[in-house]
Amino acid sequence: MYSVEGYKTIIVGGSRGIGKALSYGFAQANAKVTILDINPPDFEGNFNFIQCDLADNLSIKSALKKYHFDYSVADVLINCAAITIPGQSHLYTNDDWLNSLAVNLSGIFFLCREIGKNMIEHKVKGSIINFTSIGAEQGFANNPGYAATKGGVKQLSKALAVEWGQYGIRVNNIVPGYTHTPMNSKSWNDKALRKQRSDNSVLGRWAEPEEMVGPSIFLASKASSYITGTDLVVDGGWLAKGM
């Protein structure tokens, strides 16, 4: 039921952070993994790599053209690539805002659109998994681009789930809490901030990237065959915690 063996799986942002853990995890589960990322992975494993810049629609089209030539159609698409550009909202620049939108929201939509179209044409009942954030659920200061785009992805997934359910394509979100990745290295290395964020979770710690593998395999596999349009929260209890 939980098998993804032989599943043709695209992991966007699979070269580092959560994506790196997913690339390893799905490969170990004998999925046919292809990493799409702007930079090649600095590790070896049983997967392929296609360069792709999410800020460039032509780069996305070129990457997917190569993928479809090699594999025809994907069974699973996992979007976990993102950028974060912190800054106070009243001082946030147009470029920072537009770059956040391009990578974190527009790029994700373009990938979903093209992969979804291909799944529909080939009658593949696939699974699309988008990574959002607890920042899509609660207000966090000093990062308006990240918050807005992750909120947008949350609702995009729900809209696509409703539209593509008729084709048997499932679209879900994974909502990670603070995770020990290169993106979060600045706050991780600040011991006071790391503790503050650890204490905000029920489990009293940050997640490790590998802890996103199990939930992702669940949503990719037949074990979640009746789950679509939902948010699977993997935050150590952050959102559930009261006083």
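The closest donor-acceptor contact from the side chain of Tyr24 to the backbone of Val213 lies at 3.5 Å or more, if one exists at all. For the pair Ser59 (side chain) and Asp53 (backbone), a donor-acceptor distance under 3.5 Å is present. A donor-acceptor pair under 3.5 Å is formed between the side chain of Arg170 and the backbone N or O of Leu219. For the pair Ser62 (side chain) and Leu58 (backbone), a donor-acceptor distance under 3.5 Å is absent. Under the 3.5 Å distance criterion, the side-chain polar atoms of Thr228 are matched with a main-chain donor or acceptor of Val171. Not a single donor-acceptor pair under 3.5 Å links the side chain of Gln28 to the backbone N or O of Gly25. Judged purely by atom type and a 3.5 angstrom limit, Asn184 uses its side chain to pair as donor or acceptor with the backbone of Thr179.
Contact check on Lys158 versus Asp231 returns a salt bridge, with a Lys/Arg side-chain nitrogen under 4.0 Å from an Asp/Glu carboxylate oxygen. In this structure, Lys195 pairs ionically with Asp199, as a charged nitrogen and a carboxylate oxygen lie closer than 4.0 Å.
Here Phe140 and Tyr146 keep their ring centres 6.0 angstrom or further from each other. With ring centers used as reference points, His180 lies 6.0 Å or more from Trp206.
With rounding to the nearest 0.5 Å, the separation of CZ in Phe47 from CD1 in Ile11 is 9.0 Å. With rounding to the nearest 0.5 Å, the separation of NZ in Lys191 from CG in Leu193 is 13.5 Å. Taking CG of Asn118 as the reference point, atom OG of Ser72 lies at 6.5 Å (rounded to 0.5 Å). With rounding to the nearest 0.5 angstrom, the CD1 atom of Ile128 is 6.0 Å from the CD1 atom of Ile169. Considering CG of Asp190 and CD of Gln196, their distance stands at 9.0 Å, rounded to 0.5 Å.
Residue Asn79 forms a side-chain hydrogen bond (donor to acceptor under 3.5 Å, both in side chains) with just one option from Asn104, Asn173, Asn130, and that option is Asn130.
Other residues, nucleotides and ligands place more than 12 heavy atoms under 6.0 Å from the NZ atom of Lys154. Taking a 6.0 Å sphere around NZ of Lys8, one finds it holds more than 12 heavy atoms contributed by other residues, nucleotides or ligands. For Lys125, the NZ atom is loosely surrounded, since the number of other residues' heavy atoms within 6.0 Å does not exceed 12. Residue-environment remark: OH (Tyr2) stays at or below the threshold of 12 foreign heavy atoms within 6.0 Å.
Nearest heavy-atom pair across Ala220 and Tyr7 is O-CE2, 3.4 Å. The minimum heavy-atom distance linking Asp42 with Ser15 is given by the pair OD1-O, 4.5 Å. Gln138 and Leu239 get closest at one heavy-atom pair: CD-CD2, 3.4 Å. Closest of all the heavy-atom pairs between Ile174 and Ser216 is CD1-OG, 3.3 Å. Nearest heavy atoms, Phe218 versus Ser224: O-OG, 2.7 Å. The minimum heavy-atom distance linking Pro144 with Gly87 is given by the pair CD-O, 3.4 Å.
Between Trp238 and Tyr178, the two ring planes are tilted [angle within 30° to 60°].
Looking only at side-chain heavy atoms (C-beta outward), Leu54 and Ile38 stay at 4.5 Å or farther from each other. Proximity of Ile134 to Val175: side-chain heavy atoms (C-beta onward) are separated by under 4.5 Å at one or more points. No side-chain heavy atom of Leu232 sits less than 4.5 Å from a side-chain heavy atom of Ile129. Side-chain contact between Ile85 and Trp97: absent, with no pair of heavy atoms (C-beta onward) separated by less than 4.5 Å. You'll find the side chain of Cys80 reaches within 4.5 Å of the side chain of Leu22, heavy atoms only.
Put simply, Phe110 and Ile35 are part of two different groups of oily side chains (I, L, V, M, F, W, Y) that touch within less than 4.5 Å, one to the next.
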